[in-house]
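Have a look at the structure below, then the notes.
Keep in mind that this is a model prediction, so the values were computed, not measured.
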Amino acid sequence: MVQGLKEIFETFDKKNIFKDKSFLQTNYKPEEIPHRDTQIKQIASILAPVLKGERTSNLFLYGKTGTGKTLSIQFVRDELLKRADKDKDFKLRIEYLNCKLKKVSDTEYRILAELIKKMGGEIPTTGLPTEAVYNKFIEIIDSEKQLLVLILDEIDQAVKKISSDFLYNLTRLNSELSKTQMCIVGISNNLTFLEELDPRVRSSLSEEEIVFPPYNALQLQEILEQRAEGAFKEGVIQQGVIAKCAAFAAREHGDARRALDLLRVAGELADREGSKKIMLKHIDEANDKIEKDKILDVIKTEPKQFQLVLYSIMELSRKKQNEPMFTGDVYNFYQDLAMQNKLEVLTQRRVSDIVQEFDMLGIINVRVISKGRGGRMREIKLAISKNILEKARKIVEDSIDYK
């Protein structure tokens, strides 16, 4: 056994085609962000007054996953902090918080506790009234003259689990501050998130909005070529590989993260089989692996109610074939299924939220159709590929003990 492991490790050492894998990882920060000049300039123009100690409008960035929102705001943040004049009579602070992180997005209390921690304060993880936590937050940020920019990434995840009240409370804090001024930058992958907010929250949060469009195949190809130069040894990528990788990702809503993952996994698969080059077949294999891993892992780990909603979509998709399927159809089927399995029946609003989450995960595609005065309907299409559909169905049937 030891000898076998030694051979694996030695072989890997000799045949490694990577130069620096970190260039393909999501936490890598490039010096330049291709095809986001317009958005970066817009962000910079809105936030520039903070350098003079002036509170800016609250800003909202939205666009699909992997469209460069977080990279762009972090790029502007770093540039602002470089230019902050330490001789001014105020301090510039820019704090970033990902609201999707475990033990952060569960409650308003936890979000505030995490922000207090970032500001150098301490608070017990539970036990205090929420009002006391707000008071502590105000006390710590108002202890000196400063301008605070709060960047709240994946803000929709927190709102879904808590409510939009905490956003409203944050936007109203300036009236209670004497030394400090605060502005908020919200980031969301959910394009309809703003429409679903309470109007008073929306008007106070999204005073300025910037949309990040998906990347097209040519833009993704340029991003991949730039990163591949640092990630791989020279001459290890077969011609056409990067173009194919970009085309796959462009199909997936122009997601640059997906493109980078695809190229990285293709490199890892080529490495494992001892290939001297990343071939076109490795992109196909990587695509299958990522899709299977992502979809099946999500389905396995979702709560039973989520699985029940997904099963309703799967069954309706099979029965309706090419006919359109809407949220109402899914809810009616789900209701019957929940009662058959003696499970609590969720409200239509909650099922609608679950459908939206599946759309964000890429398990389904949702298209909003306007019916004029009749309002709007959401058409649903299953996006799970045929090669894993039966596995997904079996996971759900085993979990909910489908009768």
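Looking at heavy atoms from C-beta onward, Lys64 lies out of side-chain contact with Phe212 at the 4.5 angstrom threshold. Considering only heavy atoms from C-beta on, Tyr334 comes within 4.5 Å of Gln305 through its side chain. Residues Ile380 and Pro324 have side chains not in contact (no heavy-atom distance under 4.5 Å, counting atoms from C-beta outward). Residues Asn332 and Asp336 have side chains not in contact (no heavy-atom distance under 4.5 Å, counting atoms from C-beta outward). Using a 4.5 Å heavy-atom cutoff, the side chains of Phe358 and Val366 are not in contact. Between Glu108 and Asn169 the shortest side-chain heavy-atom distance falls below 4.5 Å. Arg378 is not listed as a side-chain neighbour of Phe326, based on a closest heavy-atom distance of 4.5 Å or more. Between Thr171 and Val201 the shortest side-chain heavy-atom distance does not fall below 4.5 Å.
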Fill in: Worked check of side chain to side chain contact (heavy atoms under 4.5 Å, CB included) between Ile237 and Ile242
CA-CA 8 Å; Ile237 302 175; Ile242 285 181; 4.2 Å; yes
Worksheet entry | Steps toward side-chain hydrogen bond (donor to acceptor under 3.5 Å, both in side chains) verdict (Asn287, Arg258) | CA-CA 9 Å; Asn287 191 52; Arg258 165 84 177 189; 2.5 Å; yes
Worksheet entry | Test log, rule side chain to side chain contact (heavy atoms under 4.5 Å, CB included), inputs Lys276 and Val236 | CA-CA 6 Å; Lys276 290 179 180 177; Val236 299; over 6 Å; no
Practice prompt. Using the side-chain hydrogen bond (donor to acceptor under 3.5 Å, both in side chains) rule, take Thr67 and Asp255 through it: C-alpha gap first, then chi angles, then the decisive distance, then the call.
Written response: CA-CA 6 Å; Thr67 50; Asp255 183 344; over 6 Å; no
Fill in: Criterion salt bridge (charged side-chain N to carboxylate O under 4.0 Å, His left out) on Asp284 and Lys281, from CA distance to verdict
CA-CA 5 Å; Asp284 291 319; Lys281 66 165 189 167; over 6 Å; no
Discussion item. Quick one, Phe232 with Phe18, criterion ring-ring contact (aromatic ring centres under 6.0 Å, His included). Give me CA distance, side-chain angles, the key distance, then yes/no.
Written reply: CA-CA 4 Å; Phe232 297 106; Phe18 285 100; 5.0 Å; yes
Fill in: Step-by-step side-chain hydrogen bond (donor to acceptor under 3.5 Å, both in side chains) determination, Tyr62 to Asn190
CA-CA 7 Å; Tyr62 61 102; Asn190 179 356; over 6 Å; no
Discussion item. I'd like to know whether Asn16 forms a side-chain hydrogen bond (donor to acceptor under 3.5 Å, both in side chains) with Lys233, so could you lay out the CA-CA distance, the side-chain angles of the two residues, the decisive distance to 0.1 Å, and finally the verdict.
Written reply: CA-CA 9 Å; Asn16 187 8; Lys233 292 177 180 174; 5.7 Å; no
Worksheet item: Which is it for Arg93 and Glu95 under the salt bridge (charged side-chain N to carboxylate O under 4.0 Å, His left out) test, yes or no, and what are the steps along the way?
Response: CA-CA 6 Å; Arg93 288 198 72 142; Glu95 296 294 343; 2.7 Å; yes
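Considering every non-hydrogen atom in both Ala266 and Ile283, the closest pair reads CB-CD1, 3.7 Å. Heavy atoms only, all atoms of each residue included: Ile364 and Asp359 are closest at O-OD1, 3.2 Å. Here the closest heavy-atom approach between residue Val76 and residue Ala44 is recorded as CG1-CA, 4.1 Å. Shown here for Leu81 and Leu92, the closest heavy-atom pair between the two residues is CD2-O, 4.1 Å. Contact detail for Ala217 and Ala246: the closest heavy-atom pair is O-CB, 3.4 Å. Summarising the geometry of Asn365 relative to Ala383, their closest heavy-atom pair is ND2-CB, 3.9 Å, with the distance given to 0.1 Å.
Here the options are Val355, Leu346, Val345, the test is side chain to side chain contact (heavy atoms under 4.5 Å, CB included), and the partner is Tyr331; only Val345 passes.
Counting only distance, with no hydrogens or angles, the side chain of Ser143 and the backbone of Ile140 share a donor-acceptor pair below 3.5 Å. At distances below 3.5 Å, not a single donor-acceptor pair connects side-chain atoms of Gln219 with backbone N or O atoms of His35. With Gln146 contributing its side chain and Ile141 its backbone, the two residues share a donor-acceptor pair below 3.5 Å. At distances below 3.5 Å, not a single donor-acceptor pair connects side-chain atoms of Ser352 with backbone N or O atoms of Gln348. Remark: the backbone N or O of Leu177 is not paired with any side-chain donor or acceptor of Asp142 at under 3.5 angstrom. Checked by atom type and distance alone, the side chain of Arg227 pairs as donor or acceptor with a backbone atom of Phe23 at under 3.5 Å. Within the 3.5 Å criterion, the main-chain N or O of Ser57 finds no donor-acceptor partner in the side chain of Glu208. Using a distance-only test at 3.5 Å, with no hydrogens or angles considered, no donor-acceptor pair links the side chain of Asn58 to the main chain of Cys183. The closest donor-acceptor contact from the side chain of Asn216 to the backbone of Leu218 lies under 3.5 Å. Of the possible donor and acceptor atoms, none in the side chain of Lys88 sits under 3.5 Å from a partner among the backbone N and O of Lys52.
Heavy atoms of other residues, nucleotides or ligands lying less than 6.0 angstrom from CD of Glu79 number more than 12. Heavy-atom neighbours of Lys320 NZ from other residues, nucleotides or ligands within 6.0 Å: above the threshold of 12. By the neighbour-count criterion of 12 heavy atoms within 6.0 Å, atom NZ of Lys19 is densely surrounded, having more than that number from other residues, nucleotides or ligands. Counting non-hydrogen atoms of neighbouring residues, nucleotides and ligands closer than 6.0 angstrom, the NZ atom of Lys118 exceeds 12 such neighbours.
Separation of atoms CG (Leu24) and CG (Leu260) is listed at 6.0 Å; rounding is to 0.5 Å. Rounded to the nearest 0.5 Å, atoms CD1 (Ile123) and CD (Glu114) are 12.0 Å apart. Considering CD of Gln39 and CD1 of Ile210, their distance stands at 7.5 Å, rounded to 0.5 Å. Remark: Gln307 CD to Met314 CE distance equals 9.5 Å, nearest 0.5 Å. Interatomic distance, CG of Asn98 versus CG of Leu152, reported as 10.0 Å (0.5 Å rounding). Glu323 CD to Leu316 CG: the interatomic distance, rounded to the nearest 0.5 Å, is 10.5 Å.
Using a 4.0 Å cut-off between charged nitrogen and carboxylate oxygen, Asp261 and Arg257 do not count as a salt-bridge pair. In summary, Glu285 and Arg272 do not engage in a salt bridge, as defined by a charged side-chain N under 4.0 Å from a carboxylate O. Salt bridge status for Lys394 with Asp398: present, with a side-chain N to carboxylate O gap under 4.0 Å. Using a 4.0 Å cut-off between charged side-chain N and carboxylate O, Asp153 and Lys69 make no salt bridge. Using a 4.0 Å cut-off between charged nitrogen and carboxylate oxygen, Glu209 and Arg202 count as a salt-bridge pair. A salt bridge links Glu315 to Arg318: one of the charged nitrogens lies within less than 4.0 Å of a carboxylate oxygen. No salt bridge links Lys179 with Glu144; every basic N to acidic carboxylate O contact stays at or beyond 4.0 Å.
Cation-pi geometry between Arg36 and Tyr215 is satisfied (NZ or CZ under 6.0 Å from the ring centre, within 45° of the ring normal).
Side-chain N/O atoms of His282 and Glu273 include a donor and acceptor closer than 3.5 Å.
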